[in-house]
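Encoded as structure tokens, the structure appears first; notes follow it.
In this text, all values refer to a predicted model and were calculated from it rather than measured experimentally. Both ligands and their constituent atoms are indexed starting at 1 by order of listing.
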Amino acid sequence: MVINLLIKKEEMRQKETLMLIPSENYAPKEVRQALCSMLNNKYSEGYPGKRYYQGNKYIDEIELIAIESAKKLFGVPHVNVQSYSGSPANSAVYMALLNPGDKILGLALSSGGHLTHGHPKITFSGKFFQSFQYEVGKDGFIDYDALEKYAKKVKPKIVIAGTTSYPRKLEWPRFSQIADNIGAILLADISHIAGLVVAGVHPSPARYAHVITTTTHKTLRGPRGALIMVTKKGLRKYPDLGKKIDRAVFPGLQGGPHNSQTAAIAISLQKALTLDFKKYAKQIVLNSKALAKALKNYGFDLVSDGTDNHLILIDLRSKEILGKDFAIKLEKAGIIVNYNAIPKDPNPPANPSGIRIGTPAITTRGMKEPEAKIIADFINRVQKGDSSNNVRREVKALCKKFPIS
Ligand code: DSN
């Protein structure tokens with residue numbers, strides 16, 4: 001069958017190339033097996049103990065394990081594990097807490113935010129709400145003073161603190177103070193950094209935000225999926241917030257949960273509770289810092305001049321190549337990245353001035369700081385015009401030394 005052949009080819013591609021897209025990772029075999037299990041056959045609209053279909057005895061147990069594991073991992077009292085992915089999770093939070101036309105305030109996409117954080121005109125969050133956007137300053141860091149002034153002026157109902165291409169630590173106490181001062185809800189979208197948060201290598205928003213969303217497939221290394229979590233602070237402010245969130249997910253936005261996904265989430269959350277996972281997440285950051293340092297030594301300009309987390313945003317303007325062209329060259333050499341806007345990018349999003357790279361997937365392969373330096377050398381050689389075939393051969397050899405199962 002042609003599809004089976006293409007799946008095999010994709011497996012081979014993933015094995016033989018360096019996956020440097022910071023939102024991608026290799027999910028463990030048990031997670032992938034759960035995804036294609038017979039749980040896929042079952043309808044389970046509703047929640048454990050309150051389903052609209054019979055035959056959900058085991059599905060209930062699985063969903064409860066996923067919920068309890070997430071509560072323990074993130075230190076929160078209420079979790080919904082049914083959102084299909086990150087965008088539906090954020091939409092469910094808005095549906096639970098906002099009315100159409102309410103004001104929302106999120107980080108601009110061009111400053112490292114996400115489409116669902118109020119990106120204007122073309123997105124659900126930008127069309128159905130009055131959306132306002134804050135930005136990073138000239139130094140590439142979120143300008144909290146400017147955000148505070150803007151929040152006081154706009155008075156949004158919700159402040160969204162979350163990022164997709166921001167290489168620095170998020171200052172939760174500052175976000176919380178800004179949102180609390182204007183009586184706004186604080187939503188922390190930790191999709192990119194969830195694995196780092198559970199390992200303690202990035203501060204947790206659990207004491208500061210009212211609601212936390214995260215995808216489960218990035219640094220958390222699970223299946224595609226999402227969690228919506230209500231914190232103690234959130235329940236103090238809105239005692240029925242958990243119920244509201246659950247009702248927004250089902251029946252508000254979704255029908256039956258994807259049970260195979262729920263089981264895969266449960267497995268990955270249990271793995272994330274182990275000491276091994278904490279070591280893994282620490283290594284992600286060590287690798288990212290080593291890669292950033294080596295790239296700087298080769299004269300690459302990094303937005304914010306470095307990284308605190310799993311990702312690096314390279315400003316290519318001094319190298320006189322656009323992000324897309326460089327990403328294509330790197331792909332020819334077996335290095336997979338994505339082109340990305342840099343703050344205040346003079347070029348359009350479809351052909352921006354930067355690339356975004358990250359270390360979650362290479363760390364899953366077992367690579368450490370020495371390999372991060374080798375990868376920086378590969379990237380530099382591609383930029384300098386070394387033959388992509390030469391680099392490709394070396395990339396393949398490196399990947400072979402660090403196999404994935
Ligand atoms: N598309 C994801 C990323 O690459 O960061 C965010 O949703």
Charged N to carboxylate O under 4.0 angstrom, [X] versus [Y]?
X: Asp377; Y: Lys373; value: no
X: Asp305; Y: Lys296; value: yes
X: Asp386; Y: Lys384; value: no
X: Glu148; Y: Arg174; value: yes
X: Arg51; Y: Asp60; value: yes

Return the residue, atom name and 0.1 Å-rounded distance of the protein heavy atom closest to [atom].
atom: atom 7 (O) of ligand 1; result: His114 NE2, 2.9 Å
atom: atom 2 (C) of ligand 1; result: Lys218 CE, 4.1 Å
atom: atom 3 (C) of ligand 1; result: Ser23 OG, 3.3 Å
atom: atom 5 (O) of ligand 1; result: His192 NE2, 2.7 Å

Examine the side chains of Thr359 and Asn287 and answer whether a donor and an acceptor come within less than 3.5 Å of each other.
no
Check this for me - ligand 1, Thr164, N or O atoms closer than 3.5 angstrom, yes or no?
no
Hey, which atoms in ligand 1 end up nearer than 4.0 Å to a heavy atom of Arg356?
3 (C), 4 (O), 5 (O)
Tell me, please: is Glu24 in heavy-atom contact with ligand 1, that is, under 4.0 Å?
no
